[in-house]
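The structure presented is a predicted model; accordingly, all values stated were derived computationally and were not measured. Here is how names work: the chains are called A, B, and so on, in the same order as the sequence lines, proteins then strands, and each is numbered from 1. Every heavy atom of this structure was used, including side-chain atoms; hydrogens, water molecules and symmetry mates were not.
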Number of protein chains: 2
Amino acid sequence: MSGPPRTAQDVIESFAIDRASPIPLWFQVAQHLEQAIAAGDLPQGTLLDNEIALAQRLGVSRPTMRRAMEQLVSGGLVARRRGIGTRVIQPKVRRPLELTSLHDDLSAGGQQPSTAVLRFETVAADAEVAARLDLDERAPVVCIERLRSALDRPIAMMTNYLPAALVTFEAEDLTDTGLYELLRRSGLRLHSAAQTLGARTATAAEARRLGEARGAALLTMERVTTDDQGSTVEYATHLYAASRYSFEINLVR
Amino acid sequence: MSGPPRTAQDVIESFAIDRASPIPLWFQVAQHLEQAIAAGDLPQGTLLDNEIALAQRLGVSRPTMRRAMEQLVSGGLVARRRGIGTRVIQPKVRRPLELTSLHDDLSAGGQQPSTAVLRFETVAADAEVAARLDLDERAPVVCIERLRSALDRPIAMMTNYLPAALVTFEAEDLTDTGLYELLRRSGLRLHSAAQTLGARTATAAEARRLGEARGAALLTMERVTTDDQGSTVEYATHLYAASRYSFEINLVR
DNA sequence: CAGTGGTCTAGACCACACC
DNA sequence: GTGTGGTCTAGACCACTGT
């Protein structure tokens with residue numbers, strides 16, 4: 001049922017660009033190109049036309065076309081070389097991952113995560129939490145403790161502190177939805193997260209809770225997350241059963 | 001000894017832009033701004049002039065000024081809001097970190113790393129290595145095993161596989177210089193690294209080598225690194241003594 | 001040499017925030 | 001309203017690559 005082979009020119013000319021849309025033109029162009037590469041319409045190794053020709057073909061200016069290309073380069077989908085041209089490279093199954101949370105990770109992996117909220121209350125920040133969140137001591141913060149399970153086995157103990165003003169949701173929302181997703185829904189735009197990943201052996205109590213043997217290896221994670229306005233949004237300390245969870249991280253540049 | 005307080009305008013007008021330099025103008029502008037923020041000449045909370053005024057003041061066009069600003073935004077140094085302006089935010093000591101290696105990490109931390117090269121030889125890729133490096137089986141690869149110490153105590157066992165064609169250095173070079181640095185010197189531009197971080201307890205042999213107790217927690221890291229042309233450059237499996245090393249990672253966006 | 005991406009310019013119009 | 005950043009255009013020159 002596959003149609004006749006299409007040239008790269010044909011594929012690109014078929015892109016539908018909507019100038020009335022609030023989505024920037026360069027982003028629409030980039031999206032179409034990413035999709036065409038992912039779908040195999042622009043196979044690995046394809047040498048694209050030069051910027052000017054592509055821009056004309058799509059009816060946009062060269063800077064707009066360039067902006068779209070820069071997006072693809074930073075995503076590792078094409079390689080550009082001066083004097084040579086732009087070539088499609090391996091559409092590797094690199095996970096795009098950047099700022100995600102465990103819930104997102106597990107959902108994407110089809111692991112059907114479930115979450116038990118063990119604690120959800122507003123408290124006064126102690127010295128440590130205040131320092132991490134860049135707040136005054138005794139400022140109101142919400143402390144959240146959750147036990148995350150996958151396939152009905154516990155996999156992580158998670159403690160999070162957030163400035164009370166940011167918590168526009170309730171404990172029940174956390175059973176179905178990840179914390180990051182809830183923050184995004186309230187209009188927060190996350191910018192960066194500084195994480196420290198380490199390991200240690202489990203105490204008896206931790207092993208019991210996570211269903212691991214005593215002395216089992218645990219992954220530890222400490223994280224401070226910042227929004228695009230430079231405000232600190234979250235301080236988290238998590239504990240993972242290392243036998244059943246590992247972090248996948250993609251660093252770019 | 002500090003001079004009279006300078007206004008943001010004064011600070012910015014003092015930037016020296018070199019139009020003859022091969023360094024792009026927008027990058028020069030961004031560097032000057034980053035430095036001024038780091039030095040406290042543009043303190044946290046400063047509201048900068050609008051783009052057009054700044055561009056005029058520095059003698060560049062508005063798109064060039066914008067490119068510099070975008071650099072600062074992605075670095076988390078300023079926040080921009082439409083209709084409001086551009087404000088300097090916390091010059092937090094976020095490590096810029098991106099693609100670094102353990103050697104760089106330790107050097108930056110003043111830990112005086114030393115490295116013993118245990119193995120450095122060209123072998124035929126087995127199925128696993130070939131798959132990770134995207135090579136044919138039995139293709140020539142260089143296998144490197146190193147023991148990295150800090151302050152004279154072993155801290156990591158590192159195994160790396162590289163396509164033989166990329167190895168333009170010798171075993172001795174690795175005692176003084178990190179692997180990533182050597183690759184960069186040979187003209188390689190690294191683009192992304194997919195890492196998996198996990199943990200497990202040490203075997204007797206591993207514990208002995210790393211100077212840890214039997215059953216101690218180890219951090220494990222597996223990594224595939226790619227250059228800006230989409231070629232796979234390195235496959236690594238590392239083992240860290242978790243009692244003395246943890247990963248610090250900055251995720252952006 | 002001709003062709004490519006890399007950089008820069010001088011304008012324009014728009015969406016949004018505050019008064 | 002006015003002022004801000006966000007987007008887009010049409011052109012120009014340069015540096016690098018391969019012939």
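- The only member of R57(B), R62(B), R67(B), R82(B) that meets salt bridge (charged side-chain N to carboxylate O under 4.0 Å, His left out) when paired with E51(B) is R62(B).
- Nearest-nucleotide assignment on DNA chain C puts the 5′-proximal partner with T86(A), out of T86(A) and W26(B).
- Of the two residues contacting DNA chain D, namely I84(A) and I23(A), the nearest-nucleotide position lying further toward the 5' end is that of I23(A).
- Looking at Q229(A), its side chain never comes within 3.5 Å of a backbone N or O of A79(B) through a donor-acceptor pair.
- Taking CZ of R87(B) as the reference point, atom CZ of R80(B) lies at 13.0 Å (rounded to 0.5 Å).
- In terms of heavy atoms, Y235(A) sits closest to L133(A) at N-CD2, 3.6 Å.
- Within the 4.0 angstrom heavy-atom criterion, no nucleotide atom of any strand lies near I52(B).
- One can place CD of E51(B) at 5 Å from P of dG5(D), the figure rounded to the nearest angstrom.
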- Task: Evaluate the criterion side chain to side chain contact (heavy atoms under 4.5 Å, CB included) for residue pair D126(A) and E137(A); output intermediate values, then yes/no.
- Result: CA-CA 6 Å; D126(A) 64 21; E137(A) 213 169 320; 5.6 Å; no

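- Residue R66(B) is in base contact, counting any heavy-atom pair closer than 4.0 Å across all strands shown.
- Residue R87(B) is classed as having no contact, given no heavy-atom separation below 4.0 Å to the nucleic acid.
- Taking every heavy atom of both residues into account, E172(A) and T175(A) meet most closely at O-OG1, 2.7 Å.
- In this structure, L47(A) atom CG and dG18(D) atom C1' are separated by 13 Å, rounded to whole Å.
- If you check every strand for non-hydrogen atoms under 4.0 Å, R62(B) touches a base.
- As rounded to whole Å, 14 Å separates atom C1' of dT4(D) from atom CE of M65(B).
- The span of DNA chain C lying next to chain B, judged by atoms under 4.0 Å from heavy atoms, is bounded 5' to 3' by dT7(C) to dC18(C).
- Looking at heavy-atom distances under 4.0 Å, P63(B) makes contact with a base.
- Protein atom CG of L48(B) is 13 Å distant from nucleotide atom C1' of dG5(D), rounded to whole Å.
- For CD of Q35(A), the number of neighbouring non-hydrogen atoms (other residues, nucleotides, ligands) closer than 6.0 Å is 12 at most.
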